[in-house]
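The model shown is predicted, which means the values in this text are computed figures rather than measured ones.
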Amino acid sequence: MGFTQGIQTTNVLTANQAVTNSVVPVDITGFTKALGAGNRLYWEVTGVFSTAVIGGWRFLAHSTAAPTTYNALFKIVDITTLAPAGTPFNDAQVAEAAFTNASAVATNYQLKACGNIIANAATTFSFQFAQNNAQANNITMLAGMVMHLWQY
């Protein structure tokens, strides 16, 4: 079967967004989409974020109602400090769950995440983030992060 539509929506984070002292995921500004029952959505998020020394990260592709189908892939790379440089952190999911890591490195990371859901009921899909260990230093999503959405 051929493609029926191209990218439906492209959202760009226009200003840095930070979380401090919280492990409760919050929506990345503009990275949400309302879906009706039975709607299908493929999503992709790419960009750069930074963490403090002990905060780590928590990412979640979240649906407010349990979807019929859910899968997500996460890949995060610290290209400056891991041995060997460029070692990735990866996760693959078939049920909604936070992708977490207690990385103790204060640096910038590359994020690539994608997946799809089929909405069981009317829902709002969002891409969220928080610290993995609540502490005084920020985890910051850097301006320029992009979310592409395809509804099919």
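There is a path of hydrophobic side-chain contacts, each under 4.5 Å, that joins Phe31 to Val26. Side-chain heavy atoms closer than 4.5 Å link hydrophobic residues (I, L, V, M, F, W, Y) into clusters, and following such links, possibly through other members, connects Ile76 to Val105.
With rounding to the nearest 0.5 Å, the separation of OG1 in Thr69 from CD1 in Ile118 is 3.5 Å. Annotation: the span from Lys33 atom NZ to Ile117 atom CD1 amounts to 11.0 Å, rounded to 0.5 Å. Distance check: Leu60 CG to Ile28 CD1 gives 10.5 Å after rounding to the nearest 0.5 Å.
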Side-chain atoms of residues 94-101: list all donor-acceptor pairs with protein atoms under 3.5 Å, sequence neighbours left out, distances to 0.1 Å.
{"from": "Glu96", "atom 1": "OE1", "to": "Ser63", "atom 2": "N", "distance (Å)": "3.0"}
{"from": "Glu96", "atom 1": "OE2", "to": "His62", "atom 2": "ND1", "distance (Å)": "2.6"}
{"from": "Asn101", "atom 1": "OD1", "to": "Ser103", "atom 2": "N", "distance (Å)": "2.8"}

For residues 127-136, which side-chain donor-acceptor pairs fall under 3.5 Å, sequence neighbours excluded?
{"from": "Gln128", "atom 1": "NE2", "to": "Asp27", "atom 2": "OD1", "distance (Å)": "2.8"}
{"from": "Gln128", "atom 1": "NE2", "to": "Ser126", "atom 2": "OG", "distance (Å)": "3.4"}
{"from": "Gln131", "atom 1": "OE1", "to": "Asn21", "atom 2": "N", "distance (Å)": "2.8"}
{"from": "Gln131", "atom 1": "OE1", "to": "Ser22", "atom 2": "N", "distance (Å)": "3.2"}
{"from": "Gln131", "atom 1": "OE1", "to": "Gln135", "atom 2": "N", "distance (Å)": "3.2"}
{"from": "Gln131", "atom 1": "NE2", "to": "Gln135", "atom 2": "O", "distance (Å)": "3.3"}
{"from": "Gln131", "atom 1": "NE2", "to": "Asn137", "atom 2": "O", "distance (Å)": "2.2"}
{"from": "Asn132", "atom 1": "OD1", "to": "Arg58", "atom 2": "NH2", "distance (Å)": "3.0"}
{"from": "Asn133", "atom 1": "ND2", "to": "Ile54", "atom 2": "O", "distance (Å)": "3.3"}
{"from": "Gln135", "atom 1": "OE1", "to": "Asn137", "atom 2": "N", "distance (Å)": "3.0"}
{"from": "Gln135", "atom 1": "OE1", "to": "Asn137", "atom 2": "ND2", "distance (Å)": "3.3"}
{"from": "Gln135", "atom 1": "NE2", "to": "Asn137", "atom 2": "O", "distance (Å)": "3.0"}

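Under the 4.5 Å side-chain criterion, counting only non-hydrogen atoms from C-beta, Val77 is in contact with Pro88. Met147 places a side-chain heavy atom less than 4.5 Å from the side chain of Leu149. Leu111 has its side chain out of reach of Trp57: every pair of non-hydrogen atoms, C-beta onward, lies at least 4.5 Å apart. A heavy-atom distance below 4.5 Å is found between the side chains of Glu44 and Trp150. In this structure, Met145 and Val45 have side chains that are in contact, with non-hydrogen atoms separated by less than 4.5 Å.
In this structure, Thr46 contributes its side chain and Lys112 its backbone to no donor-acceptor pair below 3.5 Å. In terms of modelled atom types and a separation under 3.5 Å, the side chain of Gln17 and the main chain of Thr29 share a donor-acceptor contact.
Closest approach of Ala37 to Asn120, counting heavy atoms only: CB-O, 3.9 Å. When all heavy atoms of Gly56 and Thr51 are compared, the closest pair comes out as O-CG2, 3.7 Å. Of all the heavy atoms in Thr64 and Thr124, the pair that sits closest is OG1-N, 3.0 Å. Minimum interatomic distance between Ala119 and Gly36 (heavy atoms only, all atoms of both residues): CB-O, 3.4 Å. Here the shortest heavy-atom pairing between Phe74 and Ala61 reads CZ-N, 4.3 Å.
For Phe125, the ring pair (Phe, Tyr, Trp, His ring centres under 6.0 Å) criterion is met by Trp43, not counting sequence neighbours.
Each of Asn16, Ile139, Thr107, Asn108 was checked for a side chain to side chain contact (heavy atoms under 4.5 Å, CB included) with Ser50, and the lone residue meeting it is Asn108.
In summary, the aromatic rings of Phe89 and Phe59 are positioned with their centroids too far apart to meet the 6.0 Å limit.
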